[in-house]
Amino acid sequence: MHSIKKITDDLVWVGANDRRLAMFEGVYSVPGGVSYNSYLLLDEKTVLFDTVDKAVSGRFHENLAYALAGRQLDYLVVQHMEPDHSSVLKELIAWYPSVKIVCNAKAHTLINQFLDLDVNAWVVKENDTLDTGRHTLKFIMTPMVHWPEVLVTYDSADKILFSADAFGTFGALNGAIFADEVDFNKDYMDEARRYYANIVGKYGTQVQALLNKVSAFAVEMICPLHGFVWREKLSDIITKYALWSGYQPEENGVMIAYASVYGNTENAAEILASKLRDKGIKAVMFDVSVTPASEIVAAAFRWSHLVFASTTYNAGIFVSMEDLLNDLVSHNIQNRTVAIIENGSWAATSGGLIREKLEKNKKNSSLEQMVSIKSGIKAPQLYELEAMAAAIAADFPHSAPGAGSIDGGEAASIDPAAMFKLSYGLFVLTAKDGQKDNGCIINTAIQITSSPLRISIAVNKANFTHDIIAKTGAFNVSILAESAPFRIFEQFGFQSGRSSDKFDGCGYEDRTANGIRFVPEHTNSVISARVSDSYDYGSHTLFIADVTQSIVLSGETSITYQYYSKNTKPKPKPPQDGKKGFVCKVCGYLHEGESLPADIICPLCKHGAVDFEPA
Ligand code: FEO
């Protein structure tokens, strides 16, 4: 009996779930099963996007026939020729003999290779389109995500991206079809990461090319070949892809993978984990002889620091550890700080060999400290493990030594006016929580590194936008130009998003790929970013974030704080009736009174006492 899912008024999921598959691709365990997604578009013409694995062909046939309800199948778009999506193709042609196959040249060759079938296909190229009535489908070539013939399809009518293997997830669908129907972050993100790292992890450059190409389109729904359809919070998965494909860690923390025969190497790994936790550093541990390599590869894509602890075996690396390292290197893991613990009762060699393997990926760096154990841990190795924990801690950005007092002991004077000599830009910072869009004005966006491309913003905690970013981890920075009128500063700076709609009446409907609005006028560029770290500095939070998208909108000169003060901001009115007061240098708000409260926060722009001057 059929079991289909409605996606939109004219798009239906006709795929099937498989919970009996022991090993996906013969390598990866799938304890939660897997879904093979096939989508049927019921426009004036009918279009099927990919088929399914042979194992579920019966259910697929029933689903497709039911969804077609007697109509002919006009087109089959072959986005990916891996057999889990194409092995039913021959049968499909027998069921619907007039179906037209749409594929690219590489897929055409693979159809013949796999199925011994010389189909009369429409061979499409980059940006070719297919009009089906209400919909126009554009074909975009995305080779090596995950095979060379892969293409994805963009439906401009409903802003749907049919993304082939990209944005897929291990795990059967269990009755749901949309990612927002389940607790994806809690229940499925680990499997999405494991799918990504193991299936397409090697092809980060190609995934980035895909992200780049689709960033040109407004995407409101993503339909992958495995796992859930994304119709809300697309940025949740897109930003993960931006991090994973750039081989950037998602979280600061240490993954310790160990191979231990008699427990002594494990003991060293446990001691190190304990010392790291004592320093407030997260640590996760895996016994490589027990945990499937696919889980450890996925964890390596998640964490910033990797420790490998291995006994020496047959004068080399212990067998399960060697397999894991080969896997990690072939999946291109990079940009990681690595530390090594070796054990050897008479000739320890595993440490040097591990280092050699991992440094094949040049962007990994190994800590100098290697702990070498002879059979069991003695006092010197305890000190070495402590030193390793300290070296790892020192490598964490927020554990850098504090800025101590100035030598010499003299009290240094601070003139707040010096701060105004710094050159600041002005930006509209926007974020989104569910259906709520919000924005505020900041002057604190700066680039901090170019590789990875990373920025920082400091945001006052009184701003509602601050809370949204702390919750969602995503934001846009619209870089304002000199032409920006005062009304934009009023709109985003002088009212609270908690009690008003900051976008009300401005007509700014455009969104970037992360789903967040931006300011499309008087703005020369917009940058989307995903928070990778944050630091609490009392009144403000400093967010460190990876750039996920950047768009140049015009060649206008960026506005500076000084330009705004001189040219944009209306001149403050002097206090009436000879009253004394203090004026906010940022927005012009007048505080009347003989003295300025030290803890004043400007009710309009949220700046503190340092930004007031006598009126
Ligand atoms: Fe599920 Fe690369 O195929």
Side-chain angles (χ1 to χ4, degrees), residues 13-39 48-57 59-60 76-90 92 103-104 106-111 113-115 139-153 161-173 177 179 188 191-211 214 222-230 237 241 244-245 294 297-298 301 327 330-332:
W13 177 86
V14 291
N17 294 294
D18 185 354
R19 295 182 184 79
R20 288 195 166 183
L21 181 68
M23 302 298 268
F24 186 83
E25 292 186 357
V27 190
Y28 308 113
S29 56
V30 278
V34 66
S35 75
Y36 303 110
N37 296 344
S38 173
Y39 303 96
L48 185 70
F49 293 91
D50 299 290
T51 66
V52 297
D53 191 84
K54 253 196 168 59
V56 294
S57 65
R59 180 61 36 75
F60 166 67
L76 167 68
V77 179
V78 178
Q79 301 190 115
H80 186 16
M81 261 309 289
E82 193 163 10
D84 53 335
H85 308 292
S86 68
S87 60
V88 185
L89 203 151
K90 222 173 192 169
L92 186 95
C103 64
N104 63 21
K106 288 196 178 81
H108 195 230
T109 305
L110 288 173
I111 291 172
Q113 281 179 212
F114 273 104
L115 304 170
F139 304 111
I140 301 151
M141 305 302 135
T142 54
M144 300 319 296
V145 185
H146 126 251
W147 277 17
E149 85 295 0
V150 170
L151 62 83
V152 299
T153 309
L161 178 69
F162 295 91
S163 63
D165 268 353
F167 308 110
T169 313
F170 284 139
L173 298 176
I177 185 67
Y188 288 93
E191 283 298 79
R193 183 186 304 105
R194 191 165 71 90
Y195 175 87
Y196 176 88
N198 290 280
I199 306 298
V200 282
K202 180 179 176 62
Y203 304 110
T205 310
Q206 291 83 351
V207 173
Q208 294 210 323
L210 179 153
L211 293 175
V214 300
I222 298 175
C223 293
L225 287 179
H226 297 289
F228 297 98
V229 170
W230 288 84
I237 193 72
Y241 264 62
W244 296 335
S245 60
S294 68
V297 169
F301 271 75
D327 228 1
S330 69
H331 284 90
N332 239 341

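For the numbers below, each heavy atom of this structure counts, side chains included, while hydrogens, waters and symmetry mates do not. Whatever order the structure lists them in is the order used to number ligands and atoms, beginning at 1.
Within the protein, the N, O or S atoms lying under 2.8 Å from atom 1 (Fe) of ligand 1 are Asp84 OD2, His85 NE2, His226 NE2.
Distance CG/Asn104 to CD/Glu149: 7.0 Å, rounded to 0.5 Å.
More than 12 heavy atoms of other residues, nucleotides or ligands lie within 6.0 Å of NZ in Lys90, so this atom counts as buried by the packing criterion.
The side-chain heavy atoms of Thr109 and Met81, taken from C-beta on, include no pair separated by under 4.5 Å. Val150 has its side chain out of reach of Asp165: every pair of non-hydrogen atoms, C-beta onward, lies at least 4.5 Å apart.
Tyr241 contributes a side-chain N or O that, together with a main-chain N or O of Phe167, makes up a donor-acceptor pair within less than 3.5 Å.
The side-chain hydrogen bond (donor to acceptor under 3.5 Å, both in side chains) analysis of residues 29-38, with sequence neighbours excluded, yields the pairs Trp13-Asn37, Ser35-Asn37, Asn37-Tyr39.
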